[in-house]
Every structure is written in C-alpha cells, then in structure tokens.
Participant: 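Structure incoming, see below.
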Number of protein chains: 2
Amino acid sequence: MASYATTSLLELEVVPTVAYTSNDGDDCTAKKMTKTSEDEEIEITLGQNMHASCLGIKEPEANDKVTGEKEAYLAGVLARYKKRWIERTQHHLGYPFNLDFDYGALDELQHFSLNNLGDPFIESNYGVHSRDFEVGVLDWFAHLWEIEKEEYWGYVTNGGTEGNLHGILTGREVFSDGILYASKDSHYSVFKAARMYRMECIEIETLVSGEIDCLNLKIKLLQNQSKPAILNVNIGTTVKGAIDDLDLVIHTLEECGYAHNRFYIHCDGALFGLMLPFLNKAPQVTFKKPIDSVSVSGHKFVGCPMPCGVQIVRRKHISALSRNIEYLVSMDATITGSRNGHAPIFLWYTLSRKGYHGFQKEVRMCLDNALYLKDRLSEVGVSVMLNELSNTVVFERPQDEEFVQRWQLACQGNIAHAVVMPNVTREKLNIFLDELVEKRSKWFKDVGNQPSCVAFMIGKENCACPLHKITTHK
Amino acid sequence: MASYATTSLLELEVVPTVAYTSNDGDDCTAKKMTKTSEDEEIEITLGQNMHASCLGIKEPEANDKVTGEKEAYLAGVLARYKKRWIERTQHHLGYPFNLDFDYGALDELQHFSLNNLGDPFIESNYGVHSRDFEVGVLDWFAHLWEIEKEEYWGYVTNGGTEGNLHGILTGREVFSDGILYASKDSHYSVFKAARMYRMECIEIETLVSGEIDCLNLKIKLLQNQSKPAILNVNIGTTVKGAIDDLDLVIHTLEECGYAHNRFYIHCDGALFGLMLPFLNKAPQVTFKKPIDSVSVSGHKFVGCPMPCGVQIVRRKHISALSRNIEYLVSMDATITGSRNGHAPIFLWYTLSRKGYHGFQKEVRMCLDNALYLKDRLSEVGVSVMLNELSNTVVFERPQDEEFVQRWQLACQGNIAHAVVMPNVTREKLNIFLDELVEKRSKWFKDVGNQPSCVAFMIGKENCACPLHKITTHK
C-alpha cells in the first residue's frame, strides 16, 4: 500500500490533500479503497482528527489585561501566519484563485456585522447590510449573460458549490421527477447535490479534452425519455478546464425529442463563467438560449479574499420554488439564509474598477500566458495539454512531492495542472519552469527512470513519454 | 388587503421584511396567501426585483486612471454607507447579533484569499488557509460540549442554517428512512432541510413559552414507532428564545421504546449554544447525553463581522456519511466545500481573548439586562414575556412602523422582540424605553385605540391589554 500524500484532481477544487495510509486499527475512521493509475489498491482514511499543528486556545490569565501578555501572544501568532500566507501566495499555481487584489480601501468593512439575510430584493428590518451593492453586482452579471432585470432572480452565494446546490435544487423543484445528467468531469458538488436531494443521476462520458461526450448523452437521453432532463453543463471543468459545448447539448436535447418545457439547464461557470463572455470564438453562455441558471465563483476570476459566488436564475423558476416551499412560511429561496454582506462589496468594488473592458484584458493575458506555459513545457519535453480557450495547463506530474507542495499543484494520478490566473505572471512562470527543468534533470538522469505515459489522460499527441515521443514526435 | 411592510417573526432570523401587497398583475411573481393574527388573508409577493436603491456598476471611463474620478466615486459611496452602518449598528435590538467587537488587529487579513477547502482535518495543497485556527476553535467547542478530540468531527460553517442543513443530512445518512421531528417554533431552515432532502417531517406542537410540547411529541413518536427518529432540538427558539428540554426529549424517546441506536438528535444552538454552558440551572447540552450533533452561530453570541458557525458531530457518523458518499471520490463531508478562511481567525481571536470566563460574564450581563428590560416594560404597562434563562424579550408590537424600523425590531402579528446581546447596554435600553413610552402616550391617547391582546402569543398572565389587565393584574 502506498503511503504518500497526494491530491486527487477530481476533488481539486474543494478537496484537500488526502492522507493515504495503511493504518486500519481505528474503528472510528471510515476507509475506502480506491485505485491509483497503476491499478494498485490503496486505502484512504477519512475524517481523521489531525491536531498536530492546531492552535489551541488558552484560557486568558487573570492578569493578562495588565501585562498585555495575551495580546502580545495573539499578535505574534498572526505575524507568523501572515508571513506564511505571503510566501504561500507567491508560490501558487494549482488552484483557480486570482490572488492579485488590493482591497486596502475596504479595510474598515470588518468593523461591521454585514448580513444580507434572505432575499436580496426584499428589504430587511436588519439595517446593517449591503443589498444595494449586491443587487448592483447581480445586475452586472445579468447584463453579461443577457437577461433582463425583471426576468432574473439571483443572489451572492458562498461559492461555486452553493451555486450548484441552488441551481440543481431549482431544477428539481421545477421537475420533481427529473433525472440529473452530468459529465463525469463535473465538479463533485454536482454529484453531492444529487445525493443530498435524492435525485436520479446519470453520469455521462467525456472526451479526452474533458468535454461532455454528446453521443453518450444522446444514448442516455433516449433511454430515459419518459422523464424530464436536468442538465449540468460545465463552463470549464475543474481538472482540464474543458468547456462543454452548450449549443451541442441543447441540439442533442432537441434531437432526442425533449421540448423546451421538458428540460432544465444549469451552467456551472465557476471559473470560466466570467472568462467566456470575453472570448469571441467561445460558445456563449446567454439566457437568450434555453438555459435556466448560471453560477460563477467570485474568489476565482474576480479575486475576492473569501469564497463567494454569483447565482443568476430565471425568475419564473424561483416563483415555482417559492410556491413549493410555501408551507415554510418563508420568502427565502437561498440555500444559506444568513448571508455574508462583505462579499458583495468586494465584488462591487472590483467590477466597478475593472469593468467589462478590464476583465477582457485580463482574460486575454491569462490565455496568452497559459499558451506560453504550454509551449515552454512542450519545448523542454514535458507532456502537456491545453484546451482551446482555456487557462488550465495539464502536464506530467512532477515526481517530487516537495516540488508539488511548493507550487501548490493539484495532481491526479500521473498528471498535474496549473491554472494561469491574473496573478500568475510570465516572471513567475519562468521561475517555475527553471525549477522544473532543473528538477527533471535530476529525476530522469537514469535511463531506468523516465517520464510516465499520460496518453490515457491527455491524448497521445500530447504525451512526451519515451514511447509516444518516438512514435508521434519523430 | 393590508399593504404595509412587516416582518414575520417565524422568519426573523434569516428572512427580511416582506412587502405585503395587493398587486396581482404580474405573472412572474409568486404569491401566497397567509393569515395575519386577525385571520385576515393577505397576499405576499415573492421574488420581486426591487432595484430602487441599488448601486449600479458603471463601466470605467478611459481616463479614470488619470483623473482619479472613479476612485473618488467609490470612496464617496463607501463613506456614505459606513455612516449608515454606524448609525444602524447603534440602533439595533431585534436580531441576535453581537455587534460589540473590535477586530482592528485583524485588518490586514483581507489581503489574503484564505480558503479552508474541504475537511479541516485533512491538509490541502492550497497553502493560504487557516486550518490551524479552525481546529483550535473546534477543540474549544468540543471541550465546551464535553466530547473528546478523537470522538468528534466538525467544521466552521457559514452560519446556523448550514449547521442545521449538515446536522439533519448527517441524521438522514445514518437513518435513511428516519422521520424528522421538529417543533413548529424551530428555525425554518429545519423545514427547508426536510424538503431539500426529501425527508418525512412531523411538526410538533409547542407550549406558550415556545418550548417543544413533549406530550405531543410522545403521541407522534408512538404513532410512528416503525421508523427511526431524527430530532431537531431547539437550544433557543428564534422567536421566543425558548429552550427545549433536552432531558425530557430523551426521556420521551426512551419511554416510547426508541433504543439509543434508533434515534439521532441534532441540537440547533444558533444563539444559546454558547450561552447555556454558563447558566447553572439550564439543562445542559453535552455529548455525555445521547445527542449526535450541535450547531452554533459565530456571528451571534461571539460576534463576528460575517455570518459563520461551528458544527460539532460525533465522528462515527461522519464515517458513515463518508462511506455513503464514496462514489463521489470525495473526502469532503462539508456542505459548501470551499470555505471561508477568515471566519475561523475571527472566532479564534475572540475565544482566545475572552475565554470561558469572559463569556460567562457576558452571558450573565445579558440575562440581567434582559430582565431589566422586561421589568421596565412591565412597569409601564406593556405586555411582555421573558423565558427563564433567555435574553429574548417578547412584547407588544409598537404601532408605528417607523419606530419598528428605527430599532430594527422583528415582529410577528401583534408581537415584537428584542434580543439583549452584549452590545445592548442599559443606556441603550433606557433610550429605547423612553422613546417607547413617549410614543405610546401618543398612540393610546384615545380610549378607542388601546393595546391589542397578545395573550394567545405570550399567555394571559403576561398580557397587559385592557381585558387581561383587569382580570389578571388587579
């Protein structure tokens, strides 16, 4: 059994490194068997309580106020962690978070208990809120995705997962017997939602690119024509940054005889929902097409200090949802109820400063830099794939776990990826590339240890393992 | 049909003022009929898009960087809102949020994109996180509720609703055919969970105090003995601040023949979960009793600038949950996945500074002040109820909506409430009382307009309407 730390790319967006362990002496620990790329069974230990590095809370001493000892201790801890967070922010490539922001002007916000309880469009008696900012943000996204103010409903969420939970719940409330269709490269929160909501869920195959395989979708749709369809469409998959072809999905539904009032489409646009509108060649996410909800994360492309997101849904569905929850005596169609009032201000501030034009510039820069990274990796003989219109560069997994940790790469089996966000400059990429080249010269100095084949994951045309280098690159 | 703004107390914690309207010309707007205390049917309009006061986002001008006009505009908006939030923070009585905090030392935190992805106990490759703080906070609460480190699992949530959603989901995963029992005074997120999770849910009657009626619970439990029971126990109801008698609930379960492996108890301790341990006479929430999960809010008694909460659950159940979600290839037993990394630091900072002793002092002060408010209201002839061990003072609804708004009171039918939190000083209560007395002298100067009877809501012994004043106070 293997006994190293790794990160599954399937879980990469929201799930941390998992400790693979062979320990099986503890009944309280759930274990499951999973297969590595080498088909070796390893055991994962869940729900461990690893208290090794936790900051225990000590009861204040009676004289702390006089001596100031407690305050000094707290300041010391914070200073130590700030140093660590600065360093970790500098060396970061693996997660789709834009770490380039300056919210100095908003420093005083945390003096207020800002809470946008419930519906953003219904005034609350609680006066310390930021609904005006929130509705401004929602309108901006509604405009981006081409839906009229009076036609949409939405709210600022706690992140992409809450968006998916809300979109899929709305779909289920519209079609109580609907089947959820989602490609196997969908974010795992989609499958979590299916289980939470007790929905029938059908997993659809993907192409090597990571896109949904519409031929497979067609087969599954035809097999289940008696029930309405609820579709999760990935506007950028987590692992490969692949964008499902929304137009082809809609065409497939129509081809299979699903009328527009027999399907619900939720677009999971966690990262790419804000990038696609600025790419001319991309199949656009727009409410002019028969889609029903879109979610996007705020801490990803926008760059916010806390996880947050935006949810936009056709208002007529929320009416349906509200009718259904009538017995709750509740006007609240959100998932979490009490809602963070700071996030909308961060979003509003950045959208106001950058505008559509500013995001367009950043999207182009990211795609240029992603292409640069891909080309440079390819030049030095690293297996690498970059989907068109994507900033997610998938490449051969570095052999050294310390290097993976240093650059905070997310890995699955033999591949890793870097997400080229606005804070990832060419300078940073060059440092990364230089370090990688140097490390590889050490890892692969023996003829007996050569880069693994990753053709299965990224296609043989992108694979630079000894076998495919000979057959395809020569 | 009535046409004024009001807040339903049933929704008070997370649901804002609802616009009652007679408008029925809009098909996109869901409507529902509800009954006021006078049994008059009124119509509630849901999901309205009220854009009246929203802060629209303007695309920056090309020369904004040179002229600084945009920055000046943004600074101006923020200054205006800060002024409003300061005023609104000063005049606040209706919601259980502790607005007394000083996090100046943490101002720089928002320079970091802190994200505690997934399980707090499993290290992530993403390095900018605050897991060490989070686990410290969890340990503190585990100690408070008497469960060993290796016996619990938990995480810092986005608030009380997420805690309830998690606790009830865990219950359902343990007992897939379990019936959810919750008193009708439970927070509405409990019923929302039942609907989301497609669970059978039985509403239990309450006593006038707001406590669960265990005689009614007994009847319902006996009628449904074939299925396991999942119980939501309110450690402080939203409206009346009533604490369900946990010991009596457990006794009732045992009496009805439910073995300990046939029920799951979730304690919703949003506000009182942190107050009860410091009150000697209270029935304690402790894992030494057969309870399974406890949730508490962080923005309530602790006082955090953003909604957050703490969830503690028996670790063996999370193992069950994780086994069940095995096919997700996911280690994540949280609801939201990507999680706010700032909240745990705010919690850690406050718990470190105050300690158990500090909270004890504050709890006593709040209860003293609540009693003071109750006595003073009673003295001036206002109908008023205060449950033992509670800081939620329920009283006659002020007749003037402007006064309700000024003090951000939450109302239901003819009653309102004030939650006496640590930031609610006697000075503030005196100002409130003086204003109320003055207003009442105007409202009730005519013999024809006298205070409404609220005996139905708070018991005739607490009612000071003309009828009950004569019969009970004389």
Participant: Hey, does B/Arg88 have a side-chain heavy atom less than 4.5 Å from the side chain of B/Gln408?
Facilitator: yes

Participant: Considering only heavy atoms and a distance below 4.5 Å, find which of A/Gly303, A/Ser113, A/Ala105, A/Gly355 pairs most often with chain B.
Facilitator: A/Ser113

Participant: If we only count heavy atoms from C-beta on, is the B/His299 to B/Phe97 side-chain gap below 4.5 Å?
Facilitator: yes

Participant: Heavy-atom distance under 4.5 Å to chain B: side chain of A/Leu99, backbone, both or neither?
Facilitator: side chain

Participant: Measuring heavy-atom distances to chain B, does A/Leu138 have an atom under 4.5 Å in its side chain, in its backbone, in both, or in neither?
Facilitator: neither

Participant: NZ/B/Lys149 to CZ/B/Phe121 distance, rounded to the nearest 0.5 angstrom?
Facilitator: 10.0 Å

Participant: Would you mind checking which part of B/His143 comes under 4.5 Å of any heavy atom in chain A, side chain (CB onward), backbone (N, CA, C, O), both or neither?
Facilitator: neither

Participant: Which residue out of B/Val404, B/Leu106, B/Val190 racks up the most heavy-atom pairs below 4.5 Å with chain A?
Facilitator: B/Leu106

Participant: Less than 4.5 Å apart, side chain to side chain, heavy atoms only: is that true for B/Asp139 and A/Cys54?
Facilitator: yes

Participant: With a 4.5 angstrom heavy-atom cut-off, is it the side chain or the backbone of A/Trp85 that approaches chain B, or both, or neither?
Facilitator: both

Participant: Looking at side-chain heavy atoms only, is the closest gap between A/Tyr103 and A/Cys304 below 4.5 Å?
Facilitator: yes

Participant: Looking at B/His111, B/Arg172, B/Lys354, which has the largest count of heavy-atom pairs under 4.5 Å with chain A?
Facilitator: B/Arg172

Participant: Looking at chain B, which one of A/Asn340, A/Asn164, A/Asp102, A/Asn98 has the largest number of heavy-atom pairs inside 4.5 Å, strictly under?
Facilitator: A/Asn340

Participant: At a heavy-atom distance under 4.5 Å, which candidate from A/Ile335, A/Thr157, A/Leu165 has the highest pair count against chain B?
Facilitator: A/Ile335

Participant: On the 0 to 90° scale, with breaks at 30° and 60°, tag the B/Phe133-A/Tyr81 ring pair as parallel, tilted or perpendicular.
Facilitator: perpendicular

Participant: Check the angle between the aromatic planes of B/His92 and B/Tyr95 and answer parallel, tilted or perpendicular using the 30° and 60° thresholds.
Facilitator: parallel

Participant: To the closest 0.5 Å, what do you measure between NE2 (B/His342) and CG (B/Leu109)?
Facilitator: 6.5 Å

Participant: Heavy-atom distances under 4.5 Å only: say whether B/Cys308 touches chain A with side chain, backbone, both or neither.
Facilitator: neither

Participant: Below 4.5 Å from any heavy atom of chain B, which atoms of A/Ile345 appear? Answer side chain, backbone, both or neither.
Facilitator: side chain

Participant: State whether a side-chain donor-acceptor pair under 3.5 Å links A/Asn116 with A/Glu134.
Facilitator: yes

Participant: What part of B/Leu351 lies closer than 4.5 angstrom to a heavy atom of chain A: side chain, backbone, both or neither?
Facilitator: both

Participant: Could you look at B/Arg353 and say if it's the side chain, the backbone, both or neither that has a heavy atom under 4.5 Å from chain A?
Facilitator: both

Participant: Are B/Trp348 and B/Asp132 close enough that a side-chain donor and a side-chain acceptor fall under 3.5 Å?
Facilitator: no

Participant: Quick check on the interface: out of B/Trp140, B/Trp407, B/Tyr197, B/Phe112, who has the most heavy-atom pairs with chain A under 4.5 Å?
Facilitator: B/Phe112

Participant: So, do A/Gln110 and B/Phe346 sit near enough that their side-chain heavy atoms are less than 4.5 Å apart?
Facilitator: yes

Participant: Chain B heavy atoms under 4.5 Å from A/Lys58: which part of the residue, side chain, backbone, both or neither?
Facilitator: backbone

Participant: For the candidates A/Met199, A/Arg314, A/Glu108, which exhibits the highest count of non-hydrogen atom pairs separated by less than 4.5 Å from chain B?
Facilitator: A/Glu108

Participant: Quick one: does A/Asn158's side chain get under 4.5 Å of A/Thr336's, heavy atoms only?
Facilitator: yes

Participant: Is any side-chain heavy atom of B/Arg339 closer than 4.5 Å to one of B/Leu114?
Facilitator: no

Participant: Need one label for A/Lys82: side chain, backbone, both or neither, based on atoms under 4.5 Å from any heavy atom in chain B.
Facilitator: both

Participant: Side chain, backbone, both or neither: which part of A/Glu87 has an atom under 4.5 Å from a heavy atom of chain B?
Facilitator: neither

Participant: Count the heavy-atom pairs under 4.5 Å between each of B/Pro307, B/Gly136, B/Gly159 and chain A, then report the option with the highest count.
Facilitator: B/Pro307

Participant: Under a 4.5 Å heavy-atom cut-off, does chain A meet the side chain of B/Val137, its backbone, both or neither?
Facilitator: both

Participant: Less than 4.5 Å to any heavy atom of chain B: does that hold for the side chain of A/His91, its backbone, both, or neither?
Facilitator: neither

